[in-house]
Amino acid sequence: MRDQPVQAAAPLPGYVDVVLPRRLHRSFTYVVPAELRGRIVIGQSVLVPFGTQDLQGLVIALHHRPPSGAPEAGLKSLRSCGETSRDHVLTPAQVELSRWVAERYAAPWGQCIKLVLPPVDQPRRPHTRYLLTAQGLAEPSSRDGMGEAELRLLARLRRRPNGIMESTLLRGEKSGAMPALRALIKRGLVEQRDEAAAPKRTRRGKAHALTTASALPIGEAGEASPPPPAEAQSWLMMIDKQVAADGYAALLLEGERATRHWCLVQAAQATLRRGRRVLVITGDVENADRLAGLFAAAGEQATLLHSSLPVKEREAAWYEARGASSTIVIGTRMAAFAPIDRLGLVWVEGEDDTSLKEEQVPRYHAREVAHERARRENAVLVLASNHPSLESWAAVQQGLMMACVYRNPTQGPKIQVIDLKAYGRDSSAGTVLTPDLCEGIRDALQRRSLAILFLNRKGFASVLHCADCGVNPQCDVCSVALTFFRRSNQVRCHYCGRSKPVPEQCPRCQSLKLEPVGAGTERIEEAVRRMFPMARVGRVDGETIRRPGDARAVSRLMDAGELDIVIGTQMLFRLALPARAAFVAVPDADAGLHVPDFRSAERMYHGLVDAAALALPAAAGGRLLVQTRLPDHHAILALASGNEEMFVAQEQAFRQLLQYPPWTSLIRLDVSGTAEPAVARAAHRWVALLRGQVFSAQGAPLSGGHGVSRPGGSAGVAGESRQPFILGPSPAPHAMVRNRYCWQILVKSDASEVGTAAVLRTREELERESRRGGLRFDIDVDPVSMA
DNA sequence: AGCACGCCGACT
DNA sequence: GTCGGCGTGCTC
């Protein structure tokens, strides 16, 4: 051991700033012990004392003298710097990527680190109980050196033969109980017993016995041999050229699943031939499995990395991905951070899937992370979907991405739109089971083929719509559905918070028949069963499909021809159908439209496109029936005419007019707490601070006097002002979550950096002034779901 | 975020 | 007394 802290020629930094995996936006400064000096680098993972515990943190800066902000009470020292595992020195790329996420999504950097670190099994703290050992029960030979606290503790434990829980033990005592306890344990008088630890949430253990995905169904029988689109050949050459040139490129690929799969395998193999690696990211686990199976069938071994794997397997997959042998990594959003070097191709399969957005605190979007990685690592990014997001179309329009659309129009079913207005409103269940719909089912049954009914996800909030013309009352400013409150007989916009009495008449047709949405679809399963008593009816929704295994079971049922009619929600699209259906119906296409979310039309359109993909081609007798009260809606028209561009153009125009993404950056602020008035007050205060911020950024308030908000009307106009615009506050659509009241605020800005900067500054101020109340202030940059 | 610490109420 | 719950304040 050479232990020679000789005065070094150049002084080594003696202080480090460390970020910690906690919900804290600051870093903390520590002293570097002499023996560790010179070994600490930025990106080093270190163990530091923090409060009563030791935490693994990340070094983000080195100093020669304590920074000015350091506390006077003195700084603590680093414990160690992960000499046991080299793994914990982050590469500069990992440090930078985690920092990028922290800044982009206004998350504490310390919490973003775990994204790039190997998954670790978090040991559940067991319930510990302390009791006397045999030695402790016997009168101790000597009590010398025992402090008063130790003696008291000993006496207390003697009264409790079964031991005392840690929590109660530490309660009555002043500080000093814990050191005393440790001292007693050291003397062998007390022992610690861990009781049945809090039941560890084990995630489906055995469902993943098969890590090689070859045993899983590959795709749909109906699309077994995709005819490789002729244009795709040149596309492939372009990808290959890009990979070979070691250059970044971004492509949007639109096509049916079979086409995308074909392109994916080809592009991946071309990338591998160039000695580069492939990362495939998709929204759900079933699809990741399916893609792995696809590669297996093509003779390529892929590493699966997703959150449904048991932690140990996930950890193994992480290291495997980092190793030299792994060339293709497939996973859900967490896989966007997989430690793959020599990345050549990043493929996001189903790029418009909302589950690519993390809803927990580093609220990143895996598509964005994938994009950023491709940019940083000079890889080719492909965003693939059957119906790309408006965000991606906007990127294409701005020249940031190249679009490739490979469609075979002969693959689609015959589409028929039924105008429900013709059926009046009084027929209740009869309204949704129109004669055309029943005839379609009957026909499918006769042909011994499957009939599928797709129910759009119902809104969480109660929304009104006109039974005669189908429109719903919307907010004048925000153009989203107004939420209906029966008790106060009011409607409210949960974007901007305005409320007013329920309108008496339909805003379009003046009908008096405004009523809550969705009554008809509730009982549809019952109605279908009554109408077709001999048919075998299955249901596929969040309640019947809880785990991927369930989905497979349903697929198998259909495969075996055990089902005649399947009724389901969006969950249907996750299944690997054995065959396409002769008849697919959407009994109430408008239901999804009435969700108070500016993206509702886009979601509705995607649902319809997906529903169409479930049906056989028209040439094979496939039919899609869409029932609506809004046959002129652009989503319906675009679907019926197969004119996607028209939908995108109209929807883009709507978003631009109302300044919604992708034309603005949107940030949702959530204020929550246990006391409603405090929450409301804090939310209003935040808005005031933000507006102050906005105005002061400009130098002076806009027109004096009312100064609180810009006139509502101007929200709709693409104003020349480049200031963030603030909507709200308003009670969140889900007003109470886990006994906490929630209010929300929306911040629109041209660039998300502008918005996040203002939001972070004001939140700091807000937290300073409102210490109490158990208030929480959450930030969601680019929220993907508003309802 | 996680943890300690204090206060309250239920149970025994 | 014991034990769980919850609000509050703090962490270099």
Options B:dG2, C:dC12, B:dC3, nucleotide nearest the side-chain atoms of A:R26
C:dC12
Find the distance A:L58:CG to C:dC12:C1' and express it as a whole number of Å.
16 Å
Measure the distance from CG on A:L20 to C1' on C:dC12 and round it to the nearest whole Å.
9 Å
If I take atom CD in residue A:Q53 and atom C1' in nucleotide C:dC12, what distance separates them, rounded to the nearest angstrom?
14 Å
Roughly how many Å is it from CZ in A:F50 to C1' in B:dA4, rounded to a whole number?
13 Å
Can you check the A:K76 NZ to C:dT11 P distance for me, whole Å?
9 Å
Starting at atom CD of A:E767, determine the distance to atom P of C:dT11, rounded to an integer number of angstrom.
15 Å
Donor + acceptor pair across side chains of A:S730, A:W743 (<3.5 Å):
no
Nearest atoms (heavy-atom pairs only) where A:L305 meets A:A338:
CD2-CB, 3.9 Å
Select base, sugar-phosphate, or nothing to describe what A:P108 touches, counting heavy atoms under 4.0 Å on all strands.
nothing
Report the nucleotide, chosen from C:dT11, B:dG2, C:dC12, that has the shortest atom-to-atom distance to any side-chain atom of A:L24.
C:dT11
Take atom CG of A:L75 and atom C1' of C:dC12, then tell me their distance rounded to the nearest Å.
6 Å
Side chain of A:R22 only, heavy atoms from C-beta on: which candidate in B:dC3, B:dG2, C:dC12 is closest?
B:dG2
A:D54 CG - B:dC3 C1' separation (whole Å):
13 Å
Listed partners of A:R492 passing salt bridge (charged side-chain N to carboxylate O under 4.0 Å, His left out), at least two apart:
none
Pair listing, ring pair (Phe, Tyr, Trp, His ring centres under 6.0 Å) test, anchored in residues 15-41 of chain A, at least two apart:
A:F28-A:F50
